[in-house]
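We number each residue from 1, following the sequence as shown. Hydrogens, waters and symmetry mates are skipped; everything else that's a heavy atom, side chains included, is used. What you see is a predicted model, and the numbers here were worked out from it, not measured in a lab.
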Amino acid sequence: MRAPDDPLGFIQAHTRLLPVPYAPEIHLQVADEATELWQKTEDELQEIGLPPPFWAFAWAGGQALARYILDHPEIAQGRRVVDFASGSGLVAIAAARAGARHVIASDLDPFAVAAIGLNAAANGVAGLIDPVSTDLLGTVPDADLVLAADVFYERDLARAVTGWLIDLQARGLTVLIGDPGRTYLPRERLECLASYAVPVSRALEDAEIKQSHVWRLHG
């Protein structure tokens with residue numbers, strides 16, 4: 001196995017470039033077998049510090065948000081976009097494909113940052129996407145549109161992200177969220193724009209089809 005200081009090598013060794021089930025216009029380096037890679041990460045690589053490979057899968061909320069952007073390109077066209085906790089870069093790529101002027105794809109995991117670069121290049125939008133490992137929480141990015149998918153799965157993180165997104169919305173940025181209704185989603189501040197029946201891996205979710213939604217944050 002390649003050492004974890006070689007993110008590109010690890011990604012290329014353990015994933016394949018495949019179309020996203022609910023957004024087949026986009027191809028991602030994803031794990032063929034979710035449980036195998038997840039177990040490999042948890043069991044074999046824990047001692048050397050590889051985080052869980054969230055970047056190796058197309059999660060339900062990200063697929064929904066990507067589909068919505070591809071179907072409504074005017075949302076991103078000509079805008080400066082931030083894709084927060086980008087993971088694979090799926091939503092960032094959708095925004096770039098929809099005509100965004102520039103996309104910052106942020107993720108704290110260096111393996112995700114490497115995956116975003118690979119995936120952006122595979123989809124012909126590498127010149128539009130800037131993968132960064134900067135922690136954006138508490139900052140005011142130079143952007144018009146902030147996208148966040150599948151980030152409300154843990155209480156403390158969800159609280160911090162919600163406060164940050166509310167502040168950005170109050171400053172005039174548009175905030176769109178993709179989420180299948182996870183526990184810590186701030187529903188009272190959200191308007192549902194669209195719902196989709198998204199194919200997902202049963203190894204990662206509680207069903208093979210996950211009803212997922214695109215939400216707009218309001219004041």
### Query
Has the side chain of N123 got a donor or acceptor atom that lies under 3.5 Å from a matching backbone atom of H27?
yes

### Query
Should we count CZ of R216 as having more than 12 external heavy atoms under 6.0 Å?
no

#### Entry: Donor-acceptor contact below 3.5 Å, side chain R187 vs main chain G181
yes

### Task
Return yes if some donor-acceptor pair links the side-chain N/O of S212 with the main-chain N/O of K210 below 3.5 Å, else return no.
yes

### Query
Taking only residues at least two apart or on different chains, which pairs with a member in residues 170-180 satisfy side chain to side chain donor-acceptor pair (under 3.5 Å)?
R79-T174, D167-R171

### Query
Between the side chain of D83 and the main-chain N/O of A105, is any donor-acceptor distance below 3.5 Å?
no

### Query
Side chains of W164 and L136: does their closest heavy-atom pair fall under 4.5 Å?
yes

### Query
Which heavy-atom pair separates V82 from A143 by the least distance, and what is that distance?
CG2-CB, 3.8 Å

## Note on the structure
When every non-hydrogen atom of V81 is compared with those of A95, the smallest separation belongs to CG1-CB, 4.2 Å

### Message
Closer than 3.5 angstrom, by distance alone: can the side chain of D107 be matched with the main-chain N or O of A112 as a donor-acceptor pair?
### Response
no

### For the student: nearest non-hydrogen atoms of L118 and Q12, plus distance
CD2-NE2, 4.0 Å

Which donor-acceptor pairs under 3.5 Å do side chains of residues 60-70 form with protein atoms, sequence neighbours excluded?
unit_1, atom_1, unit_2, atom_2, d
Q63, OE1, Y22, N, 2.9
Q63, NE2, A58, O, 3.0
Q63, NE2, P199, O, 3.1
R67, NE, D71, OD1, 3.3
R67, NE, D71, OD2, 3.2
R67, NH1, Y22, O, 3.2
R67, NH1, E25, OE1, 3.0
R67, NH1, E25, OE2, 3.4
R67, NH2, E25, OE2, 2.7
R67, NH2, D71, OD1, 3.0

### Task
Determine yes or no for a side-chain-to-main-chain donor-acceptor pair under 3.5 angstrom, with S88 supplying the side chain and L90 the backbone.
yes

### Message
Applying ring-ring contact (aromatic ring centres under 6.0 Å, His included) as the test, list every pair that has at least one member in residues 170-190; sequence neighbours left out.
### Response
none

## Note on the structure
On a heavy-atom basis, the closest approach of P141 and L173 is O-CD2, 4.4 Å

### Task
Verify the cluster assignment for L157 and I177: are they in a single hydrophobic cluster under the rule of side-chain heavy atoms below 4.5 Å apart?
yes

### Query
So, do P180 and Q211 sit near enough that their side-chain heavy atoms are less than 4.5 Å apart?
no

### Task
Would you confirm whether W215, through its side chain, and L185, through its main-chain N or O, come within 3.5 Å as a donor-acceptor pair?
no

### Task
Rounded to the nearest 0.5 Å, what's the gap from OG on S86 to CG on N119? Could you check?
9.0 Å

### Task
Keeping the roles fixed (side chain from W55, backbone from Q29), state whether a donor-acceptor pair exists under 3.5 Å.
no

## Note on the structure
One should read off an interatomic distance between L147 CG and I104 CD1, to the nearest 0.5 angstrom, of 12.0 Å

### Query
According to the interplanar angle, ranging from 0 to 90°, do the rings of F10 and H14 count as parallel (below 30°), tilted (30 to 60°) or perpendicular (above 60°)?
tilted

### Message
Please give me the minimum heavy-atom distance between A115 and I11, naming the atom from each residue.
### Response
N-CD1, 3.5 Å

### Message
Testing the basics here: between I93 and L28, what is the closest heavy-atom pair and its distance to 0.1 Å?
### Response
CD1-CD2, 4.0 Å

